[in-house]
Amino acid sequence: MSIQQSEVLYTAVATAENGRDGRVATDDGKLDVVVNPPKEMGGSGAGTNPEQLFAAGYSACFQGALGVVARQENADITGSTVTAKVGIGKNDDGFGIIVEISATIPNVDAGTARALLEKAHQVCPYSKATRGNITVKLA
């Protein structure tokens, strides 16, 4: 279910110049980075790229969702980390992305960790936004 404009608590604003080979900055100046295509895609690889920025945002959001479900389940996720791998490649329409989310949760057994990942995937806003649009694998 989508939210209504009146329910928005925060809006991030970023502006790109020159697309994948230029600069991206937020309106508050907290993020201001050079973006370049990675060497694997024929670019210089000198700056960051949209896939790295998406992976950073997705992993941080998913870690937050993991915290929410861990509190609900009374699970100790102290020292946990979440890694998002975002791949880009050619598809029928030009290019597409694929995501793999993994987590290290040292204080729970493997079954509990898997259950927490699956529950976090249901509540994470990034997971909700991508559901049905791209492949997201939980590893």
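Side-chain atoms are counted along with the backbone in the values below, which use heavy atoms only and exclude waters and symmetry mates.
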State whether the side chain of Thr83 and the backbone N or O of Ser102 hold a donor-acceptor pair below 3.5 Å, judged by distance alone.
no

Linked, directly or transitively: Phe95 and Val136 (ILVMFWY side chains, under 4.5 Å):
yes

Sequence-distant partners of Asp76, salt bridge (Lys or Arg N to Asp or Glu O under 4.0 Å), two or more places apart:
none

For the side chain of Asn107 and the backbone of Thr78, is there at least one donor-acceptor N/O pair under 3.5 Å apart?
yes

Which pair of non-hydrogen atoms, one from Val8 and one from Thr11, has the smallest distance, and what is that distance?
CG1-OG1, 3.4 Å

For residues 112-125, which residue pairs pass the salt bridge (Lys or Arg N to Asp or Glu O under 4.0 Å) check, not counting sequence neighbours?
Glu73-Lys119, Arg114-Glu118

Do Ser80 and Gln63 have side-chain N/O donor and acceptor atoms under 3.5 Å apart?
yes

Joint cluster assignment, Val35 & Leu31, ILVMFWY side-chain distance < 4.5 Å
yes

Given 3.5 Å as the limit, does a donor-acceptor pair link the side chain of Asn74 with the main chain of Ala70, or not?
no

Aromatic ring pairing Phe54/Tyr58, orientation class (parallel under 30°, perpendicular over 60°, tilted between)
perpendicular

Verify, without hydrogens or angle tests, whether Thr112 (side chain) and Val108 (backbone) share a donor-acceptor contact under 3.5 angstrom.
no

Quick one: OG1 on Thr130 to NE2 on His121, what's the gap to the nearest 0.5 Å?
6.5 Å

Nearest heavy-atom pair of Lys39 and Ser44: which atoms, and what distance?
CE-O, 3.3 Å

For Lys85 and Lys137: C-alpha separation, side-chain torsions, deciding distance, then whether side-chain contact (heavy atoms from CB on, under 4.5 Å) applies.
CA-CA 10 Å; Lys85 296 179 181 177; Lys137 176 184 171 190; over 6 Å; no

Check the pair Thr48, Leu53 against side-chain contact (heavy atoms from CB on, under 4.5 Å), reporting the backbone distance first and the verdict last.
CA-CA 7 Å; Thr48 190; Leu53 295 170; 4.2 Å; yes

Taking side chain as C-beta onward, heavy atoms only, is Ile77 less than 4.5 Å from Leu116?
yes

Are any of the side-chain heavy atoms of Val24 and Thr15 separated by less than 4.5 Å?
no

Point-to-point distance, once rounded to the nearest 0.5 Å, from CG of Leu66 to CD1 of Ile101
11.0 Å

Rounded to the nearest 0.5 Å, how far does CD1 of Ile98 lie from CD1 of Ile134?
8.0 Å

With a 4.5 Å limit on heavy-atom distance, are the side chains of Asp21 and Pro37 in contact?
yes

Are Leu138 and Val123 in one and the same hydrophobic cluster, where Ile, Leu, Val, Met, Phe, Trp and Tyr link if side-chain heavy atoms are under 4.5 Å apart?
yes

How many angstroms lie between CD in Glu51 and CD1 in Ile97, if you round to the nearest 0.5 Å?
7.0 Å

Are Val33 and Val86 in one and the same hydrophobic cluster, where Ile, Leu, Val, Met, Phe, Trp and Tyr link if side-chain heavy atoms are under 4.5 Å apart?
no

Does the Asn36 side chain pair with the main chain of Gly47, one donor and one acceptor, at a distance under 3.5 Å?
yes

Enter the distance from Asn18:CG to Arg23:CZ here, rounded to the nearest 0.5 Å.
11.0 Å

Separation between SG (Cys124) and CG (Leu117), nearest 0.5 Å, reads 11.0 Å

Evaluate the side-chain proximity of Met41 to Arg20: yes if any heavy-atom separation is below 4.5 Å, no if none is.
yes

